[in-house]
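Here is the structure we will look at, set down as structure tokens.
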Amino acid sequence: MHPAAFEYVRAGSAGEALAALAEHGDEAKLLAGGHSLLPLMKLRLATPSVLVDIGELDDLAYVREDGDVLAVGALTRHVALETDATVRGRLPLLAEVAHVVGDPQVRNRGTLGGSLAHGDPASDLPAATLALDATFVVEGPRGRREIAAPAFFTGFLETAVEPDELLVEVRFPLAHDEPPAGAYHKLTRRSQDWAVVAAAASRVPGTANEARVALVNMGPVPQRAPAVEAALASGASAAEAAELAAEHAAPSADIHASVDYRRHLARVLVRRALTDAGLT
């Protein structure tokens, strides 16, 4: 299928991209790697009249330590996240999750910011940002603002980024002594498919039994598992806490799984992720 007709604008800077968004309003969409937006356009589920290409803004593709956070530019590609020595050493969970995104073609073209701004609850990287307590930095005509990961995802394929704003950076807090132990478990029908369900767990540094736990494809938005986190903090074992994985979740049924099966998978995968993260 072919997308509807559109105008094409190639931005040479973040400022030019923001100017184009301001000029064209809701009719404009940002294009980075294209793996989220273009399929929707081909199905006519998205019909922007203007595409603003930000794929060549190299100043938004970086990984660097900034004090007690790891700052990652929004246009950093998935392959950079899985191979970068700083990410692998300081936030191994982020590298682990990036490694299982799609196939090599997707990982070499897709960007962190594009995946997050798409807001797909079946996507991998939103779960990593939730489990790692990330903060999102967006820029717009009113300046820069920061959004905590749980507040970023607002609805199905919807985020807190306003139509005239651009996600420019994701900031991950770093522990002073050692990287947080974490794990990601994902069930797919085939190796490169979207997750039927997945779970990410990251043990809070300096604690023995506290973790942040995030779920994939267990509701209309990427989400944490607060009942699991609370149970762990109260002294429950990983097995006991994992039994609460489906609490507060609202999974839907489709051709791949029923609601009950998704709830079962959440409990199984959360338990595995917690165990691998060193929580027993």
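Because the structure is predicted, anything quoted here is derived from the model rather than measured.
For residues 101-113, every residue pair satisfying the salt bridge (Lys or Arg N to Asp or Glu O under 4.0 Å) rule, not counting sequence neighbours, is listed here: E82-R107. Sorted by first and then second residue, the salt bridge (Lys or Arg N to Asp or Glu O under 4.0 Å) pairs with a member in residues 217-229 read R224-E229; sequence neighbours excluded. Pairs passing the salt bridge (Lys or Arg N to Asp or Glu O under 4.0 Å) check and including a residue from residues 200-222, sequence neighbours excluded, read D133-R212. Counting only residues at least two apart or on different chains, the salt bridge (Lys or Arg N to Asp or Glu O under 4.0 Å) pairs with a member in residues 65-81 are E65-R90, D66-R171.
You'll find the side chain of T188 stays beyond 4.5 Å of the side chain of W194, heavy atoms only. Contact check for V197 versus K186: no side-chain heavy atoms found under the 4.5 Å cut-off. Using a 4.5 Å cut-off on side-chain heavy atoms (C-beta onward), H99 and T83 make no contact. You'll find the side chain of F6 stays beyond 4.5 Å of the side chain of T47, heavy atoms only. Between Y8 and D53 the shortest side-chain heavy-atom distance falls below 4.5 Å.
Cluster note: V9 groups with L18, L21, L30, V50, V52, I54, L57, L60, L75, V137, L166, V168 through ILVMFWY side-chain heavy atoms spaced under 4.5 Å, whether in direct contact or through intervening members.
When the shell of 6.0 Å around CD of E162 is examined, it contains more than 12 heavy atoms from other residues, nucleotides or ligands. For CG of D59, the number of neighbouring non-hydrogen atoms (other residues, nucleotides, ligands) closer than 6.0 Å is greater than 12.
A donor-acceptor pair under 3.5 Å links the side-chain atoms of E240 to the main chain of S237, judged by distance alone. Put simply, the side chain of N108 gets close to the backbone of P104: a donor and an acceptor are under 3.5 Å apart. Of the possible polar contacts, one joining the T76 side chain to the G73 backbone as a donor-acceptor pair under 3.5 Å is found.
Under the salt bridge (Lys or Arg N to Asp or Glu O under 4.0 Å) criterion, R190 pairs with D193, sequence neighbours left out. Every residue meeting the salt bridge (Lys or Arg N to Asp or Glu O under 4.0 Å) condition with E165, not counting sequence neighbours, appears here in chain and number order: R142, R145. With sequence neighbours left out, K29 forms a side-chain hydrogen bond (donor to acceptor under 3.5 Å, both in side chains) with no residue at all. Residues satisfying the ring-ring contact (aromatic ring centres under 6.0 Å, His included) criterion with Y184, sequence neighbours excluded, are absent altogether. Residues satisfying the side-chain contact (heavy atoms from CB on, under 4.5 Å) criterion with V221, sequence neighbours excluded, are F153.
Residues M218 and F152 do not share a hydrophobic cluster, clusters being chains of Ile/Leu/Val/Met/Phe/Trp/Tyr side chains in contact below 4.5 Å. One hydrophobic cluster holds both V63 and V97 under the rule that ILVMFWY side chains link at heavy-atom gaps under 4.5 Å. Note on L37: it does not cluster hydrophobically with L116, by side-chain heavy-atom contacts below 4.5 Å among ILVMFWY residues.
Between the OG atom in S13 and the CG atom in D58 there is a gap of 12.5 Å [rounded to 0.5 Å]. Between the CD atom of E27 and the CD atom of E7 there is a distance of 10.5 Å, given to the nearest 0.5 Å. The CG atom of D120 sits 12.5 Å away from the CD atom of E158 when rounded to the nearest 0.5 Å. We find the CZ-CG distance between R88 and L94 to be 11.5 Å, quoted to the nearest 0.5 Å. Here OG of S123 is found 10.0 Å from CG of N217. Values are rounded to the nearest 0.5 Å.
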Residues 267-280 side chain polar contacts: donor-acceptor under 3.5 Å, at least two apart:
from: T275; atom 1: OG1; to: R271; atom 2: O; distance (Å): 2.9
from: D276; atom 1: OD2; to: H185; atom 2: NE2; distance (Å): 2.7

Kindly list each side-chain donor-acceptor pair under 3.5 angstrom involving residues 246-253, sequence neighbours excluded, with atom names and distances?
none

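Remark: the T154 side chain and the T159 side chain contain no N/O donor-acceptor pair separated by less than 3.5 Å.
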